[in-house]
Participant: 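What follows is a structure written as structure tokens; I'll ask about it next.
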Amino acid sequence: MEHPRLFEPGDPLVQRVRELCLDLPEAVEVEAWGRPTFRARKPIFVHTGSSMTRPYSIVIKTDPDEHPALEQDARFFHAPYYDSARWLAIDFDGPGVDWRFLAELIETSYRQVATTRQLNLLELARPRGLGYSN
């Protein structure tokens, strides 16, 4: 059974997430389960639409050292079907969404799944410690 699309084509909020994700080296978009997923070639680093009840959310893979603190942050929640030891979700449609923070979360998630070559390309584009460039 095919999953229905969760978002309309051209949705401006999803487009904003898309731009952040596709700015990373060799990132690709693949529709899965009726939702855009973003991958470092094959492994997923962002999954939009954690559930039908929270469509405007992203699921990200966290840095293991940061995960416990993020779990204590009320903005984050556990998404169905994802390992709660490393994956968390956060909404991106409320008032006051911090897009810079979301960009950092997306990049951290990418770093968790990217190959060494992809990480080297990212370092050339955005050395760690210099802040997010967008």
Side-chain angles (χ1 to χ4, degrees):
M1 181 168 98
E2 191 171 319
H3 293 272
R5 279 198 167 152
L6 189 57
F7 302 104
E8 292 295 320
D11 184 294
L13 290 176
V14 175
Q15 182 58 32
R16 206 153 175 199
V17 170
R18 178 178 288 115
E19 289 168 2
L20 294 172
C21 292
L22 296 180
D23 187 44
L24 298 163
E26 300 181 349
V28 295
E29 180 176 349
V30 176
E31 186 170 316
W33 312 289
R35 299 157 168 84
T37 64
F38 299 92
R39 302 162 187 245
R41 288 251 183 227
K42 292 192 181 201
I44 293 174
F45 66 93
V46 169
H47 178 162
T48 58
S50 67
S51 68
M52 295 303 282
T53 58
R54 290 180 101 159
Y56 287 97
S57 59
I58 57 171
V59 183
I60 45 108
K61 190 168 191 175
T62 60
D63 179 290
D65 295 332
E66 296 172 354
H67 186 84
L70 295 176
E71 277 189 307
Q72 300 305 310
D73 186 323
R75 296 174 291 181
F76 291 90
F77 60 96
H78 292 281
Y81 311 110
Y82 277 86
D83 174 14
S84 62
R86 292 292 307 279
W87 293 85
L88 289 173
I90 186 170
D91 295 319
F92 63 89
D93 66 337
V97 170
D98 184 345
W99 286 94
R100 185 177 199 91
F101 180 57
L102 288 179
E104 291 170 4
L105 293 170
I106 288 167
E107 184 176 312
T108 297
S109 186
Y110 175 86
R111 287 178 181 276
Q112 302 308 300
V113 303
T115 65
T116 301
R117 185 176 55 73
Q118 290 167 330
L119 292 174
N120 288 337
L121 291 170
L122 181 59
E123 288 299 320
L124 289 172
R126 284 199 290 261
R128 261 189 176 209
L130 296 180
Y132 189 76
S133 64
N134 284 346

Participant: Could you tell me the separation between the CG atom of Leu13 and the CG atom of Asp93, rounded to the nearest 0.5 Å?
Facilitator: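 One gets 6.5 Å once the value is rounded to the nearest 0.5 Å.
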
Participant: What heavy-atom pair brings Ala85 and Asp83 nearest, and what distance separates the two atoms?
Facilitator: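 Residues Ala85 and Asp83, closest heavy atoms: N-OD1, 2.9 Å.
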
Participant: Test ring pair (Phe, Tyr, Trp, His ring centres under 6.0 Å) on Trp87 and His47; report intermediate values, then the result.
Facilitator: CA-CA 10 Å; Trp87 293 85; His47 178 162; 8.7 Å; no

Participant: Applying the 4.5 Å side-chain criterion to the ILVMFWY set and letting contacts propagate, would Val113 and Val30 be lumped into a single cluster?
Facilitator: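 No, Val113 does not connect to Val30 through the hydrophobic network.
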
Participant: Working to the nearest 0.5 angstrom, can you tell me the gap between Leu102 CG and Cys21 SG?
Facilitator: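 Answer for the CG-SG pair, Leu102 versus Cys21, is 10.0 Å.
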
Participant: Going from CG on Asp73 to CD1 on Ile90, what distance comes out if it is rounded to the nearest 0.5 angstrom?
Facilitator: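 Interatomic distance, Asp73 CG to Ile90 CD1, rounded to 0.5 Å: 6.5 Å.
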
Participant: Are the side chains of Tyr56 and Val97 in touch, meaning some heavy atoms are under 4.5 Å apart?
Facilitator: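 SC-SC contact between Tyr56 and Val97 ruled out.
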
Participant: Answer yes if Val46 and Leu22 sit in the same cluster of Ile, Leu, Val, Met, Phe, Trp and Tyr residues linked by side chain heavy atoms under 4.5 Å apart, and no otherwise.
Facilitator: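 Linked, Val46 and Leu22 end up in one cluster.
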
Participant: Looking at Thr48 and Pro36, would you say the former's side chain and the latter's main chain have a donor-acceptor pair under 3.5 Å?
Facilitator: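 The answer is yes, because a donor-acceptor pair under 3.5 Å joins these two groups.
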
Participant: Do the side-chain N and O atoms of Gln112 and Arg86 include a donor-acceptor pair separated by under 3.5 angstrom?
Facilitator: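 Yes, side-chain donor-acceptor contact under 3.5 Å.
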
Participant: Taking the six-membered ring of Phe92 as reference, does the cationic atom of Arg16 (NZ for Lys, CZ for Arg) lie under 6.0 Å from its centre and within 45° of its axis?
Facilitator: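 Cation-pi check for Arg16 and Phe92: fails.
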
Participant: Would you mind reporting whether Glu66 and Thr62 have side-chain heavy atoms less than 4.5 Å apart?
Facilitator: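 No, side chains not in contact.
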
Participant: Should the ring pair His67 and His78 be called parallel, tilted or perpendicular, given that the plane angle runs from 0 to 90° and is split at 30 and 60?
Facilitator: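 Aromatic pair His67/His78 classed tilted.
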
Participant: When rounded to the nearest 0.5 angstrom, what is the spacing between CG in Leu119 and OH in Tyr110?
Facilitator: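 Going from CG on Leu119 over to OH on Tyr110, the span is 6.5 Å.
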
Participant: Measuring from atom CD1 of Ile44 to atom CD1 of Ile60, what distance do you get when rounded to the nearest 0.5 angstrom?
Facilitator: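 So the gap between those two atoms works out to 13.5 Å.
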
Participant: Are Phe101 and Val17 linked, directly or through other ILVMFWY residues, by side chains that come within less than 4.5 angstrom of each other?
Facilitator: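 Yes, same cluster.
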
Participant: Is the shortest heavy-atom distance from the side chain of Leu24 to the side chain of Leu122 under 4.5 Å?
Facilitator: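 A side-chain contact under 4.5 Å exists here.
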
Participant: Does Ser109 use its side chain to pair, donor to acceptor, with the backbone of Leu105 at less than 3.5 Å?
Facilitator: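 Checked: no pair found.
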
Participant: Cluster question for you: counting only ILVMFWY and a side-chain heavy-atom cut-off of under 4.5 Å, with indirect links fine, are Met52 and Ile58 together?
Facilitator: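 Yes: a chain of side-chain contacts under 4.5 Å links Met52 to Ile58.
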
Participant: Measuring from atom CD of Glu26 to atom CZ of Arg117, what distance do you get when rounded to the nearest 0.5 angstrom?
Facilitator: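 So the CD of Glu26 and the CZ of Arg117 are separated by 4.0 Å.
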
Participant: Between Leu20 and Trp99, what is the shortest heavy-atom contact and its length?
Facilitator: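 Result for this residue pair: CD1-CE3, 3.9 Å.
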
Participant: Can you check whether Ser50 reaches Phe77 side chain to side chain, under 4.5 Å on heavy atoms?
Facilitator: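 Yes, at least one pair of side-chain atoms sits under 4.5 Å.
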
Participant: Consider salt bridge (charged side-chain N to carboxylate O under 4.0 Å, His left out). Of Arg18, Arg35, Arg39, which one does Glu29 pass it with?
Facilitator: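 Only match with Glu29 under salt bridge (charged side-chain N to carboxylate O under 4.0 Å, His left out): Arg18.
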
Participant: Would Leu121 and Phe45 show up in the same hydrophobic cluster when neighbours are defined by side-chain heavy atoms closer than 4.5 Å?
Facilitator: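 Different clusters: Leu121 never reaches Phe45 through Ile, Leu, Val, Met, Phe, Trp or Tyr contacts under 4.5 Å.
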
